[in-house]
Amino acid sequence: MAKNNSENGTIETRVTSSHWGAMEIDVQNGQIIAARPFHKDPNPSGIPAVVPAAVHHELRVKQPSIRRAWLNNRDRAGRGDGDYVELPWDEALDIAAAEIDRIRQEHGNQAIYGGSYGWSSAGRFHHAQSQVHRFLNKIGGYVSSFGSYSTGCAQAIMPHVLGMPFLQYTYDCQESWQSIGENADTIVMFGGINTKNAQVSMGGVTEHDTADWFAKYADKGIRFINIGPQRSDGIAGSEWIPCKPAGDTALMLALAHVLESEGLSDRDFLNKYTTGFERFRPYLMGEHDGIAKTPDWAVPLCGVDADTIRDLARRMARGRTMITTAWSLQRAEHGEQPYWMSAVLGAMIGQIGLPGRGIGYGYGAIGGIGKAMKPMRGMTFDQGQNPIKDFIPVARIGDMLRNPGGRYEFNGETKTYPDIKLIYWAGGNPYHHHQDLKELHKAWQHPDCVIVNEPWWTATAKRADIVFPATTPYEREDIGRSGMDNYLFHMPALVPPQYGARDDYDIFWGLAQRLQAGEAFSEGRSSGDWLGHLYQSYVEKAQSAGIDVPDLDELRDRNWVELPIVQKEYVPTLLAKFREDPEANPLGTPSGKIEIFSETIAGFGYADCAGHPKWLPPSEWMGSADEQAPLHMVSPQPGDKLHSQLEAALQDNEGARPETLVINAVDATARNISSGDLVRVFNSRGACRARAKVSDDILQGVVALPTGAWFGDAQDNIDQNGNPNVLTLDVGTSQLGQGCSAHTALVNVELLTG
């Protein structure tokens with residue numbers, strides 16, 4: 001700990017970790033007064049600057065608060081009215097525990113939905129998702145969710161194609177930046193790779209080095225090609241091939257047609273390592289439907305010139321090529337198709353499993369992908385076993401609340417939506433990441449009770465019946481560690497809990513005790529005891545792997561340590577081992593090979609996801625001739641924060657809200673819009689304000705409005721802050737994946753007057 005004296009008192013400086021990297025925090029008189037990036041970070045994020053204002057913000061939830069109408073008569077129809085009564089902790093916990101118990105007794109635990117997202121803290125113990133799920137499991141279970149908004153569609157489709165869980169492939173089985181730089185001469189980036197998204201990573205990314213790797217690639221003459229609607233989605237130095245949203249699959253099919261028609265397909269690879277190409281080829285060549293998927297066919301669908309497609313296909317086949325596919329491509333209607341088709345492309349050029357080449361998913365989506373680390377597990381707060389087997393695909397919460405008892409298809413199964421009477425949410429804001437928010441607001445009125453643990457009055461907290469004020473990561477002790485990072489942090493409690501806040505663990509312990517599950521939840525340990533217990537298990541696992549780490553007291557003194565776990569020598573991935581010997585190392589698919597045609601998926605009989613990849617038009621396009629919504633809107637991650645975190649303070653900055661809409665100069669001129677103008681973005685689902693930024697770095701016919709602005713009053717005719725999810729489409733990607741379709745949205749834009 002560094003100390004400096006000033007006229008206002010001693011300033012103490014400590015390092016802590018976050019999902020956007022390590023930070024040096026200055027504390028004076030019990031207040032965080034400044035935050036800076038960690039000195040060892042070569043390209044730090046600018047996010048830390050807003051931390052002091054957010055921690056001490058007026059919009060903190062100060063005391064346990066219960067919505068007045070619900071407290072008086074259990075009214076559930078007025079969520080979002082903002083009239084709350086503050087109560088003492090014991091009284092509020094008593095009321096919440098009694099309501100949880102009533103619902104358990106009257107409806108069973110299958111009427112409880114445990115909502116959470118894992119991004120609330122980089123700390124290993126105070127991980128809100130683990131905390132709320134452990135609590136609910138110890139009191140009888142809950143309806144859970146499958147997947148994430150980031151990758152839910154990919155998590156459903158890719159095990160059918162590559163035979164392993166998608167996240168296992170993403171985090172454990174992909175080529176490193178070093179390997180790509182040593183072995184590839186071309187990186188084809190569908191959806192791009194950018195430093196904006198790479199500034200965050202689950203559990204933290206201490207050294208932001210994505211841009212440095214690409215600078216090295218440029219020095220070596222490696223070409224990296226950004227294919228997508230925005231130039232800014234490509235890292236500095238990228239070549240840009242503008243491509244329409246929803247057109248990627250058509251472009252990939254056209255590339256495949258060139259490979260096959262010009263004899264560039266790697267037949268040996270297809271025969272030895274894949275199955276089903278002979279079932280896919282007739283569709284590709286137009287033998288079944290009379291439509292050959294040529295470059296000329298693809299031009300109106302993807303917007304890419306036919307000669308550009310031919311040249312790219314030839315380079316991919318004749319060079320040493322890495323194909324990367326952004327997470328954003330599967331967050332759209334029929335998002336299964338570009339993911340499946342990119343694997344087919346990689347197979348057709350025969351480079352899957354070669355060092356630094358083949359296919360990759362999510363590079364640049366978070367900062368940790370591409371870093372080569374020796375695996376070090378541990379420090380996971382056990383959630384226990386969930387006795388309730390019901391679950392929903394995570395992005396289908398609106399459908400679940402609207403249609404209790406309704407039947408739907410998911411990944412080959414016919415399932416039934418449960419009738420949810422209680423939602424308990426901790427560590428997330430669904431009014432940030434869900435689609436069609438006005439409809440979600442209506443559906444949110446259905447349960448008997450909504451309980452939220454939250455530091456700030458987010459849109460979700462404002463729509464809860466019971467709100468417990470939770471601490472931020474700066475008000476509690478924890479350990480920061482990510483499997484994709486080579487640093488270990490002690491995260492000290494920098495300031496006391498603000499106002500009346502308590503840790504999630506203490507909140508759930510208090511509820512568990514009232515529900516006769518206190519011992520089962522705590523196992524007799526305080527939060528400090530658990531931290532020591534989890535860390536000791538981590539030390540033992542590290543020692544067994546031959547890696548020395550300090551004990552907890554020493555780590556507290558040192559604050560952080562750099563771990564000797566960076567892998568500089570090439571380590572063959574699972575696909576490399578499969579390529580070397582497919583008989584000894586089969587994939588987990590039914591055939592043991594890469595499945596270009598899947599008998600399993602074909603057997604589901606889904607019209608929106610056939611047995612091989614296809615181009616399918618989004619339903620939103622059916623009205624594309626409608627002049628009311630001629631522009632395709634994409635809603636990328638924000639650059640000034642993680643999701644909607646820290647928004648309480650960011651929205652105070654002059655000119656920061658409403659959010660900025662990027663629009664092409666031609667589209668702006670047609671609407672008499674200039675940079676800086678306030679505009680109305682609208683479609684049949686809703687409208688929001690935005691501040692225009694006119695740019696030639698976005699494709700004509702496309703606009704981009706980042707997520708993260710807090711959703712306002714659902715009764716307003718226009719969302720004042722610029723949340724794009726008042727405009728997005730709340731439908732599943734397909735019956736197979738049922739992921740979110742955030743990037744399938746048509747809108748119009750006009751100058752805002754009045």
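Residues take their numbers from the sequence shown, with the count starting at 1.
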(request) Assess whether atom NZ of Lys693 is packed by more than 12 heavy atoms of other residues, nucleotides or ligands within 6.0 Å. (result) no
(message) Looking at Arg680 and Glu750, is any side-chain nitrogen of the basic one under 4.0 Å from a carboxylate oxygen of the acidic one?
(response) yes
(message) Closer than 3.5 angstrom, by distance alone: can the side chain of Ser482 be matched with the main-chain N or O of Met202 as a donor-acceptor pair?
(response) yes
(message) Whether Arg691 and Glu659 form a salt bridge (side-chain N of Lys/Arg under 4.0 Å from carboxylate O of Asp/Glu) is what I want to check.
(response) no
(message) Can a side-chain donor-acceptor contact be found between Asp212 and Asn43 if the only test is distance below 3.5 angstrom?
(response) yes
(message) Using 30° and 60° as the class boundaries, would you call the ring planes of Tyr283 and His612 parallel, tilted or perpendicular?
(response) tilted
(request) If the plane angle is over 60° it's perpendicular, under 30° parallel, otherwise tilted; pick one for Trp119 and His19. (result) perpendicular
(request) Answer whether the closest heavy-atom distance between the side chains of Val702 and Asn664 falls below 4.5 Å. (result) no
(request) Quick one: sort the His433 and Tyr149 rings into parallel, tilted or perpendicular, breaks at 30° and 60°. (result) tilted
(message) Let's go through Arg402 and Asp730 carefully: what are the C-alpha distance in whole Å and the side-chain angles of both, what is the deciding distance for salt bridge (Lys or Arg N to Asp or Glu O under 4.0 Å) to 0.1 Å, and is it a yes or a no?
(response) CA-CA 12 Å; Arg402 283 186 288 268; Asp730 186 12; 3.0 Å; yes
(request) Evaluate the side-chain proximity of Gln435 to Leu729: yes if any heavy-atom separation is below 4.5 Å, no if none is. (result) no
(request) Using the six-membered ring wherever Trp is involved, compare the ring planes of Trp615 and Trp297 and label them parallel, tilted or perpendicular (cut-offs 30° and 60°). (result) perpendicular
(request) Kindly state whether the ring of Tyr217 and the ring of Phe214 have centres lying under 6.0 angstrom apart. (result) yes
(request) Give a yes or no on whether the backbone of Gly739 and the side-chain of Gln330 come within a donor-acceptor separation of less than 3.5 Å. (result) no
(request) Using a 4.5 Å cut-off on heavy atoms from C-beta on, say whether the side chain of Thr324 contacts that of Val188. (result) no
(message) Could you check whether Lys641 pairs with Glu647 (Lys NZ or Arg NE/NH1/NH2 to Asp/Glu carboxylate O, under 4.0 Å)?
(response) yes
(request) Run through Ser232, Ser695, Ser675 and flag the one making a side chain to side chain contact (heavy atoms under 4.5 Å, CB included) with Val662. (result) Ser695
(request) Indicate the ring-plane relationship of Phe391 and Phe146, choosing parallel, tilted or perpendicular according to the 30° and 60° boundaries. (result) tilted
(request) Using a strict 4.0 Å threshold on nitrogen-to-oxygen distance, state whether Arg657 and Asp719 make a salt bridge. (result) no
(message) Counting the benzene-type ring for Trp, do Trp710 and Tyr431 have ring centres under 6.0 Å apart?
(response) no
